[in-house]
There are 2 protein chains.
Amino acid sequence: MSEPASHELSGPISDPVSLAEHPEIVMIELLFYAYRDFVSDPDAVLATFDFGRAHHRVVHFVSRHPGMPVADLLDILKITKQSLGRVLKQLIDTGYIEQVPGPVDRRQRLLYPTAKGRALSLRLTEPQARRVQAAFAGLSAEERRGAEHFLRMMIDAEERDKVTKLIGR
Amino acid sequence: MSEPASHELSGPISDPVSLAEHPEIVMIELLFYAYRDFVSDPDAVLATFDFGRAHHRVVHFVSRHPGMPVADLLDILKITKQSLGRVLKQLIDTGYIEQVPGPVDRRQRLLYPTAKGRALSLRLTEPQARRVQAAFAGLSAEERRGAEHFLRMMIDAEERDKVTKLIGR
DNA sequence: AAATTTACGTCAGCCATATTGACATATTTC
DNA sequence: GAAATATGTCAATATGGCTGACGTAAATTT
């Protein structure tokens, strides 16, 4: 009667989830840590302006794809129009983004950066580009291809072609 | 006098920020898209329980490092103790995490998963591990090394050693 | 030409996750 | 004994998501 009941109400477990069971955890965690620091770069800059990460994404993708309709932006960000709404309005009100009625389909509001918006986008890209450059510095051509290919394959299969077109290669 | 004034109040800009200027944008955007879809996997599972991404991170890292003090977890997540507070409390109240007073330093509350917590962690790891495995499938050994090394180098320089120890390689 | 669908915006309320600042408690260290 | 440390908690606030409902203009279908 001194045996601990097997149906005991829980209790702490000491053996860690190990890489032996799931070697993929290395990449899972590296991706977490890398992204954590990767997005921290622009945050410092954004604090200066009164913007957050959401503004960053909008300014970035609009600057990369000037004249894109709202729907396309939503599809990239995978958020709702209501979520985009507030952020976009702020960017328009403060003169970073402009809307132009679609010349062919006049229901559309095509999004363009202003000079100010493009400049902000580039300023936010700068530290991230430096980080990427530094990360690539020690890699062979094949290793670089590996890094790029890995990230591509981490994207949902149905999204890959779209992303390739968006990025432009 | 028909020249447009150079001091015009803004106006839409049509030429996109191009890869020619900043080739690093390829990796910047791939990282965004990859992470976007990478984190979407566990979200479906988490919705079943009443948890969010914050709970995922806590359960994951505690399961990976059973007995870790709160401070270490905060340092991994780079959030404040107040932010961690609610999420951790919920996980403790619902029996996924347990706290044990530090045997050597009794101020510490060492965090352990319960069986339930460990199981949840593994369940959330599963789809991400599958995604990583699929992404690695087509890569050569050198390309894989490249992907891993790239992510490592994307981490803040001062954090890299710490992360290496945490991951265990 | 009328009906329907589409693209977008907006209002309202809600939730999750993060923040800062202040203060409390127990414990360890100097 | 004083100071520093590890942690928790209360309170207020910001950000960025969400759903649902409704409105409008323009395109498309019938």
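Convention: sequence-line order gives letters A, B, ...; per-chain numbering from 1.
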Net bend of the helix from dA1(C)-dT30(D) to dC30(C)-dG1(D), end axes of five pairs each, nearest 10 degrees: 30°
Side chain to side chain contact (heavy atoms under 4.5 Å, CB included) between Arg152(A) and Thr164(A), worked out: CA-CA 9 Å; Arg152(A) 267 182 212 284; Thr164(A) 296; 3.4 Å; yes
Rounded interatomic separation in angstrom, taking CZ from Arg57(B) and P from dA16(C): 15 Å
Between P of dA16(C) and CZ of Phe49(B), the distance in whole Å: 16 Å
Any N/O donor-acceptor pair, Gln82(A) side-chain to dG20(D) base, under 3.5 Å: yes
Path from Tyr112(B) to Met68(B) over hydrophobic side-chain contacts below 4.5 Å: no
Sugar-phosphate, base or nothing in reach of Gly85(A), heavy atoms under 4.0 Å: nothing
Sugar-phosphate, base or nothing in reach of Val104(B), heavy atoms under 4.0 Å: sugar-phosphate
Interatomic distance, Leu84(A) CG vs dC18(D) C1' [rounded to whole Å]: 14 Å
Contact check, side chains of Ser83(A) and Val87(A), non-hydrogen atoms, under 4.5 Å: no
Side-chain heavy atoms of Val45(B) within contact of Phe51(B), under 4.5 Å: no
Heavy-atom closest contact (Arg131(A) atom, Ser40(A) atom, distance): NH2-OG, 4.2 Å
d(CG, Leu73(A); P, dG9(C)) in whole Å: 10 Å
Any Arg106(B) side-chain nitrogen or oxygen under 4.0 Å from OP1 or OP2 of dT29(C): no
Atom-to-atom span, CE of Met68(A) to C1' of dC8(C) - whole angstrom: 15 Å
Any side-chain donor near an acceptor of the partner, His149(B) and Glu143(A), under 3.5 Å: no
Spacing between Arg36(A) atom CZ and dA18(C) atom C1', to the nearest angstrom: 16 Å
Check: Arg86(A) side chain, dG17(D) base, donor-acceptor under 3.5 Å: yes
Criterion side chain to side chain contact (heavy atoms under 4.5 Å, CB included) on Phe49(B) and Tyr96(B), from CA distance to verdict: CA-CA 11 Å; Phe49(B) 302 71; Tyr96(B) 291 87; 3.2 Å; yes
Please tabulate the protein-to-nucleotide N/O contacts below 3.5 Å involving nucleotides 5-7 of chain D, giving atom names and distances.
from   : atom 1 : to        : atom 2 : distance (Å)
dT5(D) : O4'    : Arg107(B) : NH1    : 3.4
dT5(D) : O2     : Arg107(B) : NH1    : 2.6
dT7(D) : OP1    : Val70(B)  : N      : 3.3
dT7(D) : OP2    : Ala71(B)  : N      : 2.9
dT7(D) : O4     : Lys81(B)  : NZ     : 3.2

Length of the line joining Lys89(A):NZ and dC8(C):P, which is rounded to integer Å: 18 Å
Phosphate OP1/OP2 of dG16(D): any Ser83(A) side-chain N/O under 4.0 Å: no
Under 3.5 Å donor-acceptor, Arg160(A) side chain and Met153(A) backbone: yes
N/O (side chain, Thr80(B)) to phosphate O (OP1/OP2, dA18(C)) under 4.0 Å: no
Distance, rounded to the nearest Å, where Asp43(B) contributes CG and dC18(D) contributes P: 11 Å
Close side-chain approach of Leu30(B) to Val163(A), heavy-atom, < 4.5 Å: yes
Side-chain N or O of His55(A) closer than 4.0 Å to phosphate OP1/OP2 of dT15(D): no
Cationic N near anionic O, under 4.0 Å, Arg145(B) to Glu148(B): no
